[in-house]
Number of protein chains: 2
Amino acid sequence: MSERVTMRDVAAIAGVSSATVSKVINERPDVGAEVRARVLETIARLGYRPNAVARGLRARHTDTIAILTDDLEGIFTNALMRGVEDAASAYDVSVLLANSYGDPEKERRHLRRLLDRQVDGLIIMSGNRVRPRSGPALPLPGTPYVFLYEYGAAEPVPSILPDDRSGAELAARHLIGIGRRRIAFLNGPASWDATRERLDGFTATIREAGLPLEPGLVQHASSWSPEDGFALATAMLTGPEPPDAIFCGSDDLATGAMAAVLERGLTIPGDVAVIGFDDRSLAVHQRPPLSTVALPLHEMGKVAGGLLLAAIQGEPQRHEIIRVSCELRIRASTIGPDGA
Amino acid sequence: MSERVTMRDVAAIAGVSSATVSKVINERPDVGAEVRARVLETIARLGYRPNAVARGLRARHTDTIAILTDDLEGIFTNALMRGVEDAASAYDVSVLLANSYGDPEKERRHLRRLLDRQVDGLIIMSGNRVRPRSGPALPLPGTPYVFLYEYGAAEPVPSILPDDRSGAELAARHLIGIGRRRIAFLNGPASWDATRERLDGFTATIREAGLPLEPGLVQHASSWSPEDGFALATAMLTGPEPPDAIFCGSDDLATGAMAAVLERGLTIPGDVAVIGFDDRSLAVHQRPPLSTVALPLHEMGKVAGGLLLAAIQGEPQRHEIIRVSCELRIRASTIGPDGA
DNA sequence: TGTCGCTACGAAATCGATTACGTAACTCGG
DNA sequence: CCGAGTTACGTAATCGATTTCGTAGCGACA
């Protein structure tokens with residue numbers, strides 16, 4: 001229970017007023033070199049640290065932004081948050097994480113608390129409450145916010161998304177480039193916006209190359225799970241003309257698809273090349289290691305953080321959807337020892 | 001930039017003093033029913049929310065605790081944090097997450113910031129700075145803290161760990177129970193405390209059952225990766241007397257081990273039963289689904305949160321290592337269609 | 001009726017910083 | 001040598017709540 005040393009203590013010992021100490025800390029110009037040195041020395045000697053709560057009260061900003069997410073497993077949040085932190089650390093702003101785990105009530109509570117806590121801005125990865133399906137949206141009084149990895153936001157604020165369409169194009173072109181002719185797309189659930197955009201990119205590229213695009217080659221799974229990937233891939237492979245490449249909507253789907261290929265005694269990538277989407281860490285540990293289209297999570301976070309910080313500094317916010325390019329990660333499931 | 005409504009506004013409109021408003025909010029007894037109702041009505045009508053920063057300054061507590069972690073991937077942190085949040089929500093305390101991603105400098109900065117921010121307590125899952133290998137530990141002035149999932153803490157504070165020893169016993173007994181006689185232990189790196197404890201539990205159980213315990217049956221991997229699991233399991237299986245069961249130190253190791261078993265044309269669990277440790281989400285998606293010893297992450301978080309909150313309420317802290325029991329999750333890799 | 005004890009409320013200090021403003025001391029040109 | 005301008009520091013208000021303490025009003029009781 002040792003009493004913390006306050007600014008007054010420093011001032012008294014250094015023989016100046018607390019206003020001067022404050023000026024030294026905030027590096028204001030109107031303080032002499034001699035006094036500054038004495039104050040600095042006293043601060044160091046006493047181990048003084050400013051009380052951020054008191055500072056926040058008076059200064060009317062807390063140098064804190066928050067991420068509001070509902071990512072159950074925290075799979076994507078980690079990388080996204082790291083990007084945001086990288087952007088924020090340049091401004092000496094710290095980042096809070098509030099996870100509702102998909103519970104709207106929790107989300108509401110979190111949002112209220114964050115606002116009570118006077119965060120300077122919000123990154124929203126969870127739109128249940130802010131843009132609810134029904135009922136009024138929670139007002140965000142004067143607090144800037146941006147959407148991150150949230151499809152379909154209509155507010156007049158930036159919204160940062162991966163470039164799903166061009167990501168799918170990347171995958172398709174890669175498979176075409178290694179000589180595949182019957183390329184299947186094992187897409188995610190049709191209800192997701194991302195799958196539609198990826199479908200567009202895939203279809204355009206395949207059509208452009210003059211390759212077949214039969215209904216059987218393009219399927220929507222009903223979830224993103226490996227189990228669904230296994231089931232759908234098995235169905236594709238048992239058809240009359242099986243594909244020689246499968247582009248999967250997620251690494252999990254691809255994991256299941258690879259199991260299906262191997263179980264039928266076919267080789268990867270010799271008989272069937274497989275490529276995923278996301279680049280989750282499991283991708284590299286697959287046998288064979290899974291080629292994939294990497295989601296630019298870190299970069300997306302950086303962009304979101306940068307825009308939010310700019311908005312906090314007073315820059316006007318426009319409504320724009322910012323697409324961040326995906327990156328192709330080529331591994332052994334498309335170019336392997338038994339391939340090409 | 002709409003000015004936020006303050007307590008004074010509420011007081012003025014309700015025709016009372018701000019002291020009274022404060023009392024209503026904090027549910028103090030000395031306020032009449034009639035006035036209370038009027039204040040409450042005014043608060044609701046104006047949409048007033050108390051400013052947590054101002055409150056924290058005067059009340060000298062912020063109703064906030066923080067988790068300091070260095071978990072790069074955030075694999076365990078998510079579940080742990082959820083446990084902490086569950087414990088904290090009963091006290092209406094919110095939980096901050098600070099991740100150093102293994103960078104000691106970042107950890108130092110986070111810790112300083114959290115203390116500046118006057119958090120009421122800390123859960124430490126990252127001991128670099130608090131108990132550094134070299135150099136002085138950062139003092140935590142009057143702020144209670146507990147260690148969570150941190151081996152080898154020597155401070156006079158509680159330290160919450162999984163019961164690794166009995167977890168290993170659980171696995172060994174299960175394998176014995178399904179009739180296996182040559183049980184191998186593909187343990188994690190020997191430098192980790194947990195592996196030693198698991199080894200103790202495993203050895204004791206096997207010895208007690210009178211089963212063989214040759215050096216070849218007990219191996220340490222040099223990492224926790226599937227690749228190492230694959231390599232070591234392959235070595236075990238190509239020996240003169242291959243095991244009929246493999247207990248792996250992590251689900252990742254087990255994933256590699258299963259691949260090794262299958263690649264040699266053996267069946268799981270028919271020829272070789274495989275069981276892991278951790279119960280990461282990938283376990284259930286394996287083919288076959290992986291039996292495993294589940295780390296009680298959620299419960300550990302709850303215990304840690306509960307103890308920290310108790311300490312904040314003023315209860316004295318003892319130095320004790322609290323072990324939380326692991327749980328056996330039996331799936332098809334030990335009891336499957338081709339097994340038993 | 002006078003006094004004691006409660007109850008219910010308000011005035012004002014307080015938490016620990018930031019900041020607008022006032023003012024000595026000093027500089028410098030005319 | 002004087003007045004304006006600059007520099008360097010201090011005084012005091014302020015941020016928005018909590019909390020201590022004082023007191024008006026009331027009922028009860030002797």
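Atoms considered below: every heavy atom in the structure, side chains included; atoms not considered: hydrogens, waters and symmetry mates.
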Query raised in the report: Considering only heavy atoms, which members of residues 45-62 of chain B lie under 4.0 Å from some atom of DNA chain C?
Result: B:Leu57, B:Arg58, B:Arg60
Query raised in the report: Contacts to DNA chain D from residues 37-44 of chain A, heavy-atom cutoff under 4.0 Å, which residues?
Result: none
Query raised in the report: Mind checking what makes side chain to side chain contact (heavy atoms under 4.5 Å, CB included) contact with B:Ser18, not counting sequence neighbours?
Result: B:Met7, B:Ala11
Query raised in the report: With sequence neighbours excluded, what pairs up with A:Arg38 under the side-chain hydrogen bond (donor to acceptor under 3.5 Å, both in side chains) test?
Result: none
Query - Residues that B:Glu34 engages under salt bridge (Lys or Arg N to Asp or Glu O under 4.0 Å), provided they are two or more places apart - result: none
Query raised in the report: Could you give all pairs that pass the ring-ring contact (aromatic ring centres under 6.0 Å, His included) test and reach residues 52-73 of chain B, with sequence neighbours left out?
Result: none
Query - Residue-phosphate contact under 4.0 Å: A:Ser18 side-chain N/O, C:dT18 OP1/OP2 - result: no
Requested in this report: Considering only heavy atoms of chain A and a distance under 4.0 Å, specify the first and last nucleotide of DNA chain D in 5' to 3' order that meet this criterion.
Outcome: D:dA8 to D:dG16
Report task. Scan residues 68-124 of chain B for pairs that pass ring-ring contact (aromatic ring centres under 6.0 Å, His included), counting only residues two or more places apart or in two chains. Result -> B:Phe76-B:Tyr149
Query raised in the report: Under 4.0 Å between a Lys/Arg side-chain N and an Asp/Glu carboxylate O for A:Arg108 and A:Asp103?
Result: no
Requested in this report: Tell me which residues in residues 19-31 of chain A put a heavy atom below 4.0 Å from DNA chain D, sorted by number, or none.
Outcome: A:Ala19, A:Thr20, A:Lys23, A:Asp30, A:Val31
Query raised in the report: Applying salt bridge (charged side-chain N to carboxylate O under 4.0 Å, His left out), which residue pairs with at least one partner in residues 310-319 of chain A are found, sequence neighbours left out?
Result: A:Arg318-A:Glu320
Query raised in the report: side-chain hydrogen bond (donor to acceptor under 3.5 Å, both in side chains) with B:Arg49: which residues, sequence neighbours excluded?
Result: A:Asp116
Report summary line: Separation of C:dG10 atom C1' from B:Arg8 atom CZ, nearest Å, is 14 Å
Query raised in the report: Under 3.5 Å, is there a donor-acceptor pair between the side chain of A:Asp71 and the main chain of A:Ile75?
Result: yes
**Report entry** Terminal helix-axis angle for the helix from C:dT1-D:dA30 to C:dG30-D:dC1, with five pairs defining each axis and rounding to 10 degrees
**Finding:** 60°
